[in-house]
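Have a look at the structure below, then the notes.
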Amino acid sequence: PMQKGDAVFIIAESQHICQDSADQSTAPVAHLAESQNVSKLEALQVKLGNGKRPGNGKTHVDKRLASSKPVALAATHTPAAIKYIGSPPPPWHHVGCASMLEPGDIGFDELMQRCFQGFVLRRAGHSVPAELARRVQASLEALKLRGFFHHDVVTNGGTRLGRTFVRRILVGDRGITYRYLGLRTFAHPWHAERGEPQEPEAAVIRELNHAMVALTRGILDASGGNRGSRYDYNLSLINLHEPGDGTGGPLRNKLGVRLGKDVEMAVSWHADSAVEEMSCIGVLNLTQPEHSQKKLKQKQQQRSRHHQRQRGVEQPWRIALKCIGDEHEGGKARVAQGSGAGEQTDRAMLTPAAAVPLHAGDSYFFLREFNHHHHHAVLAGSAPRYSTTHRVGVTATDTWDYIWERAERALALPLPPYFSAGGATNSLTASALRLSEEVHSEIEFEWLRMWAAQGRAHSDSHKAYWAPRINELIVVWLRLEARTAAYLAFLAAAAAASPSAAIAALPEGVRCFDILEHLLVRRDGGDVAAVAVQAERRPRKEFPSRDRQHLLQQLQASRAGWHARNAASVFDELGSEFRPFELLKFHEGQPVYKFEPALKQEGAPTIVMLGEALGPALQAHRAARALFCKNQSGFKPDQPPSYQLASHHVSCRKSTPHYPKRKSGVKSGQKRNKGPPSERLVGHRNAVEPGSVSSVPQRPQHKRKWDES
């Protein structure tokens, strides 16, 4: 949508654009800018009016371009928010080449130059200084001995949980976090404020980060500039993989073809997430120090002879790269086993992957939009490996400053009103109620439960910075829990009050009832957890990825979903110190003013705290809503909720029984009954029952046979 005064900027990668079909063909942008002494952006703005207009099909040619006189244009400047987004790489294939090429293979250099521009490898000696790399490796060894590295339990392509093969630690700016695959990791600050303890190992990682920033800047300056891409790294995700950590099996492409021989992956195909758009990424590769090679040989001798025969004595680590998109990966096609010549033809039309060996001290970089158009994987070698991945993490929502500012905003809202002898002390607005409850859920599910899910060892390692701040969030969460109970009590009192007093307390009518019910249903999440159990039993191809993502979001924002997550069997593989622990305590039945002293006011009713299960509170809340609607003129008892968020609905067509098609009963020549939407939805299996905002499809209301098949 465009409004008066808006401007459109199109940043073209190529200097040529489509020429007009008129007799006066338009010139390329670069030629126009050069001939008329204007910038490319100004010339491109002039050309925005060219082309066919939708509607009349006529061709419009700007008279300023048809004229040979210079064009007078106002001075314009490119906004800082515009980023250069290059086009995806073109397809490339070579008859007879393998599905993954390595240095020395025919076509490898041409493949890298054509399809993997933006990937830069710096060998040791041209990477970070050797003395700095040695100190970084010694610091990482010290962090490992202190038990700071741990496996992450993340979601893998749906609601299933899995343990990462690598052990990780996050180091970065003060208060920054990194959220990926349904887990928020908390960074050890690499610099401390005055009076705070400083971890010397983290300070060395910060020095390395400065070196990686300088390397990235030099590479960008030598290759045409950054083009709006950021490289001011603010965090480093450090991975550790040892022979006993396991691997994920052979690496395959989208068609299921195995890539490489006698190699297994430590990290599967992925693009780095939770980073600023089009930002650069830098990685330093380090192997185990020499004094630990003796332990490595002892572990290798314990392997079976068959495994030694496959892996050999020494295997280098490799970074695997591939282009994404149907033109590179073959779309939705699948290669049937034993297809013979057909299989070879399909493989020949695909863009091969590339694998680059890595050695100690090497560094590699993903520049500009490389992470946007490519995926990468890590193929395991025979030696233990550290990798420091330097990224530009998201700071808009993933920092301590952000969540604390949200908490302060919620606590600054007016206190929940109450009814006294003279009526309501104040009116309740839907915006204040919604903000308070949304911040309440965000603190609980995005921060506190994420913290407790990583175990007590993780909590103990963050005693210096994060542990005191998590305790502050717990205090805020308890105050918001008390306010939730006060909101419920106020709405119940408004429902029992006289119509005039109730409408004065709730100017927006039933809207506050519906907002609170919707948010509490999501927070409880009992129905969503039941749907997730059914969904996991279905084949992956029958469960679209979009539905999996919606279901995962609802599970991570509900108490029932977190209980199911913490009880998963994957935690049995970890030590007791890395399993989830109970962080939040619910003080059911205790007065709310013990946790929110401001709620203790003269004449206020006695309100008690809620329990963890919100089912009884929701049942009483729905009864209060029905009573409120009944007492108010113009409301009906069966009025559907006025506040429903369709964006949170999870499609569960495959997980619900099939309903036989019902005949409409409309004779020819008659029109269908087009009543209000609430009436037309009655009987539809995705309809929401009156008084309920559950996202689980309900059984039809009309009578018909139940198809048990």
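Quick note: residue numbers are just sequence positions, from 1.
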Between E472 and R479, is the closest basic N to carboxylate O distance under 4.0 Å? no

| message | For H462 and H188, take the angle between the two ring planes, folded into 0 to 90°, and tell me which bin it lands in: parallel under 30, tilted 30 to 60, perpendicular over 60. | response | parallel

Examine the side chains of H151 and R163 and answer whether a donor and an acceptor come within less than 3.5 Å of each other. yes

Practice task
Using the six-membered ring wherever Trp is involved, compare the ring planes of F119 and Y364 and label them parallel, tilted or perpendicular (cut-offs 30° and 60°).
Solution key: tilted

| Just checking, R184 and W447: is the charged tip under 6.0 Å from the six-membered ring centre and within 45° of the axis? | yes

Here the salt bridge (charged side-chain N to carboxylate O under 4.0 Å, His left out) pairs for residues 231-241, sequence neighbours left out, are R230-D232

The ring-ring contact (aromatic ring centres under 6.0 Å, His included) partner of H458 among F581, W451, F148, W466 is W451

Check this for me: R409, atom CZ, are more than 12 non-hydrogen atoms of other residues, nucleotides or ligands nearer than 6.0 Å?
no

ring-ring contact (aromatic ring centres under 6.0 Å, His included) with F116: of H376, H375, H373, H374, only one passes, and it is H374

Counting only heavy atoms from other residues, nucleotides and ligands, does the tally under 6.0 Å from CD of E582 exceed 12? no

Identify whether NZ of Lys or CZ of Arg in R579 sits under 6.0 Å from the centre of the six-membered ring of F571 and within 45° of that ring's axis.
no

Original post:
Judged by modelled atom types alone, do S229 and E369 share a side-chain donor-acceptor pair under 3.5 Å?
Top reply: no

| said: Can a side-chain donor-acceptor contact be found between H270 and S268 if the only test is distance below 3.5 angstrom? | reply: no

